[in-house]
*Asks:* 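Structure in structure tokens, see below.
Only heavy atoms go into these numbers, but all of them, side chains included; no hydrogens, no water, no symmetry mates.
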Amino acid sequence: MHYITTDMHSRLIVGRGETDRPSLQNAASLQELQLDVVGTHSLASLVNEVQKPVSEWEESYKLTIPGRGSDQSAPTPDIQATLEANSTVGLLRGLQTFNQLVYSLDDVEEAPTRYMLDTPLSIADEPSFPYRAFMIDTSRNFYSVSTIEKTLQTMSWAKLNVLHWHVVDSQSWPLEVPTYPNLTASAYSPTSIYTVSDVAHLQSFAASLGITIMLEIDIPGHTWAVGEAFPEFMECVAKEDWWNWAAGPPSGQLKLGDRRVREFVEGLMKDVAGRMTGSLVSTGGDEVNLNCYVDGTVTNSTLRARRMTVDDGVSELVGGAHDALRSEGKVPVVWEEMVLGHDINLANDTVVLVWISSANVRSVVDKGFQVIHAASDYFYLDCGGGGWLGDYNSNSWCDPFKTWQQVYSFDPYNNITEAQRPLILGGQSLLWSEQASPENLESLAWPRAAAAAEVFWTGATLSDGRPRNADEALPRMHDWRYRACNYKAKAPHPVDPTFVVQ
């Protein structure tokens, strides 16, 4: 409710809504917004709501705001608006919409006038997809707890409901894990660590905004940082010609076929999953470099002795990790290579993030897996920043820069059958942090991540069946961005010059 009472956003027209003033003289006065919980669902707190699988969330709401009535000569009436929902998270989504309908008109001598347009109105709304996320990467660059809090707040203004937290990677391990306290040896500094209490606090803070957190612990690749604590678990560590051994420096992957490594991974996943309140935990699985497991490596000798292939070793490690997650009541999530790049045993309840190309979605759903859209050709918000390794004249691998229009043009059902549509859980935008940090996170993420949020809330088409249209969305993008600035978001990227906005 804080932003409803403090948002002083004016209409983005010449005069900032001054032409509305005459019509407000006899307007009805909205005295109260009544919140009603309806339906058969038992009322639960936001904290309890966001612990459910996202497919079980009830985010629908109905907002009704009466008008003055047809008799303009009658005394100015006091009216009451109503907001109905089946759950607390539904009420929250409705309140977010209510706030976006309110404008402010400055007055030199009195407090600003707060008003709504186009009343009476009735809005019945619900998301098209249950999973709508934003991903941050806190390994390449560290983000303070307060920065993540601010990100969660901004996410809530766009009705996003999952923070995909890529918390660790090769570059650093900033996550405290009580079972393995030495893992933070590779943190950038003693203060660049997320403690158990930090994670608990962020989950509680997120829940208050109707958001759950999906933590990612990537295995077996992207794990150099593990080697700082457990060098005996590693292969191809910190090679000078890292490009032959990893997608980015420093190189290092977990050994395969090793009982000690398997027990470590299973203990790690149980520890982490046991403290996460949401239903989803990711084990990653992208960019496994096979050079790490070639002839002459310990892994190769181990696998030969056990008459196993590399994929057998990956399957054993990932399968053990997933069993550990399920023992804590969690659903495992993987990157698409675990389905399309390796021949491993994955249970059908595994959720798959498709990132390499949106064209790969069909291949994943053909195998019967649920998909989260995370395609680099639409949703990678770090693309277009140029190369960050050595050759400063190079482009980023996923050029060009993904404009909000490109994000908004995405069709969640492209190239899949009608029968496969239920396998689309939702989607997300992603900001990898090779060239992102707390200083530029919000300008890189917003409002493009808000465009993705509308894609997965609205769906492939508008309520009347027409395709989503960027020209129609543009005023909403402007409005959302200016409100975010009013809410003290740090410099969301402008969409247009002010002249065009008006």
Side-chain angles (χ1 to χ4, degrees), residues 3 7-20 63 93 96-105 115-119 121 123 125 127-129 132 134 154-160 358 373 375 377-384 400-414 426-431 442-502:
Y3 295 109
D7 178 13
M8 295 298 162
H9 177 60
S10 300
R11 289 184 68 199
L12 299 176
I13 60 175
V14 174
R16 289 296 186 268
E18 191 61 36
T19 54
D20 296 331
L63 177 63
R93 302 294 181 247
Q96 290 159 336
T97 295
F98 180 88
N99 190 56
Q100 291 168 345
L101 297 172
V102 178
Y103 292 97
S104 177
L105 191 59
Y115 66 102
M116 292 181 175
L117 298 170
D118 303 323
T119 59
L121 60 83
I123 299 172
D125 198 13
S128 295
F129 297 95
R132 307 175 310 281
F134 175 65
T154 312
M155 287 173 60
S156 75
W157 306 332
K159 298 187 178 76
L160 291 168
S358 56
H373 289 297
D377 46 335
Y378 286 89
F379 300 119
Y380 269 38
L381 304 185
D382 52 300
C383 299
F401 179 90
K402 304 301 181 285
T403 66
W404 78 264
Q405 293 94 332
Q406 169 73 357
V407 172
Y408 196 74
S409 70
F410 184 75
D411 179 358
Y413 294 138
N414 184 50
Q428 64 183 56
S429 48
L430 308 89
L431 184 61
E442 290 190 279
S443 62
L444 286 172
W446 311 106
R448 292 183 295 159
E454 182 164 320
V455 167
F456 294 109
W457 181 279
T458 302
T461 60
L462 301 174
S463 58
D464 60 6
R466 291 180 299 120
R468 279 179 285 100
N469 181 288
D471 288 337
E472 291 183 8
L474 181 59
R476 293 194 297 278
M477 291 296 295
H478 285 312
D479 209 65
W480 188 93
R481 188 258 174 185
Y482 274 76
R483 286 186 189 274
C485 290
N486 286 346
Y487 299 159
K488 308 304 180 187
K490 189 186 295 182
H493 196 283
V495 176
D496 280 314
T498 303
F499 176 83
V500 175
V501 174
Q502 298 183 144

*Asks:* Applying ring pair (Phe, Tyr, Trp, His ring centres under 6.0 Å), can you list everything that pairs with Y378, at least two apart in sequence or on another chain?
*Replies:* F410
*Asks:* Hey, what do you get for OG1 (T461) to CZ (R468), rounding to the nearest 0.5 Å?
*Replies:*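 So the gap between those two atoms works out to 8.5 Å.
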*Asks:* Output the distance between atom CZ (R11) and atom CG (L117), rounded to the nearest 0.5 Å.
*Replies:* 5.0 Å
*Asks:* Below 4.0 angstrom, N of the basic side chain to O of the carboxylate: do R93 and D125 qualify?
*Replies:*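 No, no charged N to carboxylate O under 4.0 Å.
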*Asks:* Just do the side-chain contact (heavy atoms from CB on, under 4.5 Å) check on L160 and Q428 with the steps written out, would you?
*Replies:* CA-CA 9 Å; L160 291 168; Q428 64 183 56; over 6 Å; no
*Asks:* Any chance the rings of F379 and H373 have centres within less than 6.0 Å?
*Replies:*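 No: the rings miss the under 6.0 Å criterion.
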*Asks:* For the pair C485 and Y482, evaluate side-chain contact (heavy atoms from CB on, under 4.5 Å) and give the outcome as yes or no after the intermediate values.
*Replies:* CA-CA 5 Å; C485 290; Y482 274 76; 5.6 Å; no
*Asks:* So, R132 side chain and W457 main chain: donor-acceptor pair closer than 3.5 Å or not?
*Replies:*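 Checked: no pair found.
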*Asks:* Quick one: do L12 and D479 satisfy side-chain contact (heavy atoms from CB on, under 4.5 Å)? Show the steps, please.
*Replies:* CA-CA 7 Å; L12 299 176; D479 209 65; 4.2 Å; yes
*Asks:* Looking at T458, is its backbone amide N or carbonyl O close enough to the side chain of S128 to form a donor-acceptor pair, meaning the two atoms are under 3.5 Å apart?
*Replies:*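 Pair found, side chain donor or acceptor close to backbone of T458.
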*Asks:* Salt-bridged, K159 to E454, with N to O below 4.0 Å?
*Replies:*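 No, no charged N to carboxylate O under 4.0 Å.
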*Asks:* Could you walk me through whether M8 and N486 pass side-chain contact (heavy atoms from CB on, under 4.5 Å), step by step?
*Replies:* CA-CA 7 Å; M8 295 298 162; N486 286 346; 5.6 Å; no
*Asks:* Is the W480-Y487 ring centre distance short of 6.0 angstrom?
*Replies:* no
